[in-house]
Undergrad: 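Supplied in structure tokens, the structure appears directly below.
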Amino acid sequence: MKAQSIPSLQTSPRQKRKGHERVLGILIGCLALGFLVLQVLPVAELQWMVSFMILAVIIWVLPGIRGATLTISLFLLITAVSLMVYHHVPAQEWFSSLRINLTLVSIILVVPLLGIPVKTGGYVEALKIVLAKKMNEPHFFFLGAKLLTHGLGVVLNMGAVSIVSQLTQASNIKSPRLVATAINRGFVTTMFWSPYFAAMALILSQIPIQWSSIVLYSFGLSLISILLSLFLERPFIKTNIRLDKEARVYSAEEVKDAKKKVAELVFYLVFITAMVLLLEFLTSSSIVFMICLVSISFPLLWCLLKGKGNVYWREWKDHVFIGIPRVKKEIVLFLIAGFFSGAFVHTDLSGPLVGFIQQVFGSFQLGASLFLAGIVFLTALVGIHPIVPITIFVTSIDPAQIGFSQEYFALLLLGSWGVSNTIAPATAVNNLLANLLNVNLIDVSIRWNLKFVLLMLLIIPLYLMAVGV
């Protein structure tokens, strides 16, 4: 008689890793929950508890990070600790500094939930049908991909990059440069105005202004970016287009149904943006708090009305157990960057920085603007995420001391972050595009965007001065 094999009671390495990632996803997700609780009940005991959770996340994730992110994170962390110790900063300030970028991290954690209705509602296929023929025209192809990434990026964030990249495959136009530049610039310029981006969350949490006071100026920057992109890429559009396969033809009924779906998607995008604007007008709560509430509640309500409550639950679990662990490196970098900026402020190194700007530039507003934007640009170019210099600037510089209004300062930082993100080889969007399109990372970031970035960095302060912000 053949002996029956006994199943192994040991857990496989893959199962252990999966369980490890699930627990980590829950722990990191609790940071967003901690932020929401602190907005309602800002007591010292809860603040300490959230700070300890942040410390636990850093200690857990940091040993598993590799490459440039690890180097930058360790440098910032060691420098921050050294500065805190040297200047005898109280323990309470250490833990307070750990929470500086908690609002930014909370946005990163909850905003992807807004994408659940988009991913599960059949809207992506509808867009492919509606745009099938028009996407074969080179100028529309470039502008359409840029605008589509811009619009979807508001709620899908990085997910918009993958989706639009897939949609462009339905076109006869096969040009990695056009696809990459359109998607890249469409995505990063969403940072100029979207309340659902981490960049805006950081700025609004540190500068006492309302989103509604800068959003129209931000739209202007986005429009300038679109026009400049089209102007710079026109020679390439005309001379470097390669046509491939025949476009698929859809029936009139398919097109009609798809248009209804697209209209529904547009309504969804406009509605959630309008909801934030309305809540900001009606309440005194922080805009980040309201965005978190909208991001959690509205997609659930949308899915329930569509009879897809089970789909929402499945996507929510995937986000916690799979999606959140995927961004653990960025989460830790952002938390450490906040801690570093706290050390920078508490050690009063911000004074010499402000003094240098005052002494060198005086009332020369354009010069001071280009100096700050140039720092963000150069650090991004060498692999340092824009979050690092932006966090330092927004937490340590009083805009009035260098002759800026609060709105001008906020828009300058948002614009510098967004534009510099385009050229940084280390950013997630450039690496994702390089992999999706199978092209060189330096081409995607520096080679194809250098002229655009330099011109935009010059245009941003000139535009802000012209409109009188």
Undergrad: Can you give me the closest heavy-atom contact between Ser73 and Ile336, atom names plus distance?
TA: O-CG2, 3.6 Å
Undergrad: Counting only heavy atoms from other residues, nucleotides and ligands, does the tally under 6.0 Å from CD of Gln358 exceed 12?
TA: yes
Undergrad: I would like to know whether Met456 and Ile224 meet side-chain contact (heavy atoms from CB on, under 4.5 Å); could you show each step before the answer?
TA: CA-CA 9 Å; Met456 279 299 298; Ile224 290 172; 4.2 Å; yes
Undergrad: Would you please name every residue forming a side chain to side chain contact (heavy atoms under 4.5 Å, CB included) with Pro112, sequence neighbours left out?
TA: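 Scan of Pro112 (side chain to side chain contact (heavy atoms under 4.5 Å, CB included), adjacent residues dropped) gives His319.
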Undergrad: State, to 0.1 Å, how close Thr422 and Asn184 come at their nearest heavy-atom pair, and which atoms those are.
TA: O-ND2, 3.3 Å
Undergrad: Can you list, pair by pair, the side-chain donor-acceptor contacts under 3.5 Å of residues 286-296, counting residues two or more places apart and other chains?
TA:
from   : atom 1 : to     : atom 2 : distance (Å)
Ser286 : OG     : Phe289 : N      : 3.2
Ser295 : OG     : Ile291 : O      : 2.7

Undergrad: Which atom pairs, one a donor and one an acceptor, fall under 3.5 Å between side chains of residues 152-159 and the rest of the protein, sequence neighbours left out?
TA:
none

Undergrad: Do the side chain of Ser420 and the main chain of Trp417 share a donor and acceptor less than 3.5 angstrom apart?
TA: no
Undergrad: Can you check side-chain contact (heavy atoms from CB on, under 4.5 Å) on Leu441 and Leu433, steps first, answer last?
TA: CA-CA 8 Å; Leu441 177 60; Leu433 283 170; over 6 Å; no
Undergrad: Under the ring-ring contact (aromatic ring centres under 6.0 Å, His included) definition, can you give me all pairs with a residue in residues 433-460, not counting sequence neighbours?
TA: none
Undergrad: Restricting to salt bridge (Lys or Arg N to Asp or Glu O under 4.0 Å), what partner residues turn up for Lys119, sequence neighbours left out?
TA: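 Partners of Lys119 by the salt bridge (Lys or Arg N to Asp or Glu O under 4.0 Å) criterion, ordered by chain and then number, come out as Glu315.
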Undergrad: Show the atom names and distances, to 0.1 Å, of all donor-acceptor pairs under 3.5 Å that link a side chain in residues 27-52 to residues at least two apart or in another chain.
TA:
from  : atom 1 : to    : atom 2 : distance (Å)
Ser51 : OG     : Gln47 : O      : 2.9
Ser51 : OG     : Phe95 : O      : 3.0
Ser51 : OG     : Arg99 : NH1    : 2.8

Undergrad: Please determine, by modelled atom types, if Arg185 and Asn449 share a side-chain donor-acceptor pair under 3.5 angstrom.
TA: yes
Undergrad: What are the two closest non-hydrogen atoms of Ile116 and Cys303, and how far apart are they?
TA: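 Shortest heavy-atom contact: CG2-SG, 4.0 Å.
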Undergrad: What residues, two or more places apart in sequence or in another chain, satisfy side-chain hydrogen bond (donor to acceptor under 3.5 Å, both in side chains) together with Ser222?
TA: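 Not a single residue meets the side-chain hydrogen bond (donor to acceptor under 3.5 Å, both in side chains) criterion with Ser222.
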Undergrad: Under 4.0 Å between a Lys/Arg side-chain N and an Asp/Glu carboxylate O for Arg326 and Glu21?
TA: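 Looking at Glu21 together with Arg326, the answer is no, because their closest N to O distance does not fall below 4.0 Å.
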Undergrad: Which pairs with one or both residues in residues 363-390 pass side chain to side chain donor-acceptor pair (under 3.5 Å), sequence neighbours excluded?
TA: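 Side chain to side chain donor-acceptor pair (under 3.5 Å) check on residues 363-390 returns Ser369-Tyr408.
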Undergrad: Take Val419 and Phe377 through the test side-chain contact (heavy atoms from CB on, under 4.5 Å) and record every step on the way to the result.
TA: CA-CA 8 Å; Val419 170; Phe377 165 74; over 6 Å; no
Undergrad: Any non-hydrogen side-chain atom of Phe281 less than 4.5 Å from a side-chain atom of Gln210?
TA: no
Undergrad: For a quick test of your reading: what N or O donor-acceptor pairs under 3.5 Å do the side chains of residues 138-149 make, sequence neighbours left out?
TA:
from   : atom 1 : to     : atom 2 : distance (Å)
Lys146 : NZ     : Ser225 : OG     : 3.4
Thr149 : OG1    : Ala145 : O      : 2.6

Undergrad: Can you find a heavy atom in the side chain of Val354 that is under 4.5 Å from one in the side chain of Asp398?
TA: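 No, side chains not in contact.
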Undergrad: List the steps and the verdict of ring-ring contact (aromatic ring centres under 6.0 Å, His included) for Phe340 and Phe75.
TA: CA-CA 10 Å; Phe340 177 82; Phe75 172 77; 7.1 Å; no
Undergrad: Using 0.5 Å steps for rounding, measure from the CD1 atom of Ile54 to the CG atom of Asn101.
TA: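 So the gap between those two atoms works out to 9.0 Å.
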Undergrad: List the atom pairs, donor and acceptor, that lie under 3.5 Å between side-chain atoms in residues 193-201 and the rest of the protein, sequence neighbours left out.
TA:
from   : atom 1 : to     : atom 2 : distance (Å)
Trp193 : NE1    : His150 : NE2    : 2.7
Ser194 : OG     : Tyr196 : N      : 3.1
Tyr196 : OH     : Ile272 : O      : 2.7

Undergrad: Grab the two heavy atoms, one from Ser97 and one from Ala343, that are nearest each other, plus how far apart they are.
TA: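 Answer, listing the atom of Ser97 first, then Ala343: OG-N, 4.3 Å.
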Undergrad: Distance-only, no hydrogens or angles: does the Ser205 side chain make a donor-acceptor pair with backbone N or O of Leu202 under 3.5 Å?
TA: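 Side chain of Ser205 to backbone of Leu202, a donor-acceptor pair under 3.5 Å: yes, one is there.
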Undergrad: Would the distance check show the side chain of Tyr312 and the main-chain N or O of Trp302 forming a donor-acceptor pair, the cut-off being under 3.5 Å?
TA: no
Undergrad: Between atom OG of Ser416 and atom CG of Leu412, what is the distance when rounded to the nearest 0.5 Å?
TA: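 One gets 4.0 Å once the value is rounded to the nearest 0.5 Å.
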Undergrad: Are a donor atom and an acceptor atom from the side chains of Thr427 and Asn430 found within less than 3.5 Å of each other?
TA: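 There is such a pair between these side chains.
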Undergrad: What distance separates Phe339 CZ from Thr79 OG1, expressed to the nearest 0.5 Å?
TA: 11.0 Å
Undergrad: Can you confirm whether Val469 sits close enough to Ile214 that some side-chain heavy atom of one is under 4.5 Å from a side-chain heavy atom of the other?
TA: no
Undergrad: Measure the shortest side-chain to side-chain distance between Lys451 and Leu232 over non-hydrogen atoms and say whether it is less than 4.5 angstrom.
TA: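 Result yes, sub-4.5 Å side-chain heavy-atom pair found.
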Undergrad: Do Leu230 and Ile237 have side-chain heavy atoms sitting under 4.5 Å apart?
TA: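 In short, these two side chains touch, coming nearer than 4.5 Å.
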Undergrad: Within the side chain of Thr181, is there an N or O that forms a donor-acceptor pair under 3.5 Å with the backbone of Arg177?
TA: yes
Undergrad: Which distance, rounded to the nearest 0.5 Å, do you find between the CG of Leu300 and the CG of Leu113?
TA: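 It is 10.0 Å, given to the nearest 0.5 Å.
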Undergrad: With sequence neighbours left out, what residues match Phe361 under ring pair (Phe, Tyr, Trp, His ring centres under 6.0 Å)?
TA: Phe371
Undergrad: Closest heavy-atom contact between Ala410 and Ile209?
TA: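 Smallest interatomic distance, heavy atoms only, reads CB-CD1, 3.5 Å.
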Undergrad: Is the closest side-chain heavy-atom distance between Ser297 and Leu301 below 4.5 Å?
TA: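 Contact flag for Ser297/Leu301 side chains = no.
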Undergrad: Is any side-chain heavy atom of Ile390 closer than 4.5 Å to a side-chain heavy atom of Ile203?
TA: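 When only atoms from C-beta onward are counted, Ile203 and Ile390 do touch, with a gap below 4.5 Å.
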Undergrad: When you check the side-chain N and O atoms of Glu264 and Tyr123, is any donor under 3.5 Å from an acceptor?
TA: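 Indeed, the side chains of Glu264 and Tyr123 share at least one donor-acceptor pair under 3.5 Å.
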Undergrad: How close do Val179 and Leu437 get, counting heavy atoms only, and between which atoms?
TA: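 Closest heavy-atom pair between Val179 and Leu437: CG1-CD2, 3.8 Å.
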Undergrad: Indicate yes or no: at least one non-hydrogen side-chain atom of Thr391 is less than 4.5 angstrom from one of Phe334.
TA: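 A side-chain contact under 4.5 Å is absent here.
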Undergrad: Nearest 0.5 angstrom please: Leu223 CG to Phe192 CZ, how far?
TA: 11.5 Å
Undergrad: With rounding to the nearest 0.5 angstrom, report the CG to CD1 distance, Leu454 to Ile459.
TA: 11.0 Å
Undergrad: Could you list the donor-acceptor pairs under 3.5 angstrom formed between side-chain atoms of residues 55-68 and any protein atom two or more places apart in sequence or on another chain?
TA:
from  : atom 1 : to    : atom 2 : distance (Å)
Trp60 : NE1    : His20 : NE2    : 2.5
Arg66 : NH1    : Pro63 : O      : 2.8

Undergrad: Take Ile331 and Leu109 through the test side-chain contact (heavy atoms from CB on, under 4.5 Å) and record every step on the way to the result.
TA: CA-CA 9 Å; Ile331 295 293; Leu109 294 175; 4.1 Å; yes
Undergrad: Assert yes or no for the condition that the ring centre distance of Phe393 to Phe344 is strictly below 6.0 Å.
TA: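 When the ring centroids of Phe393 and Phe344 are compared, they turn out to be at least 6.0 Å apart.
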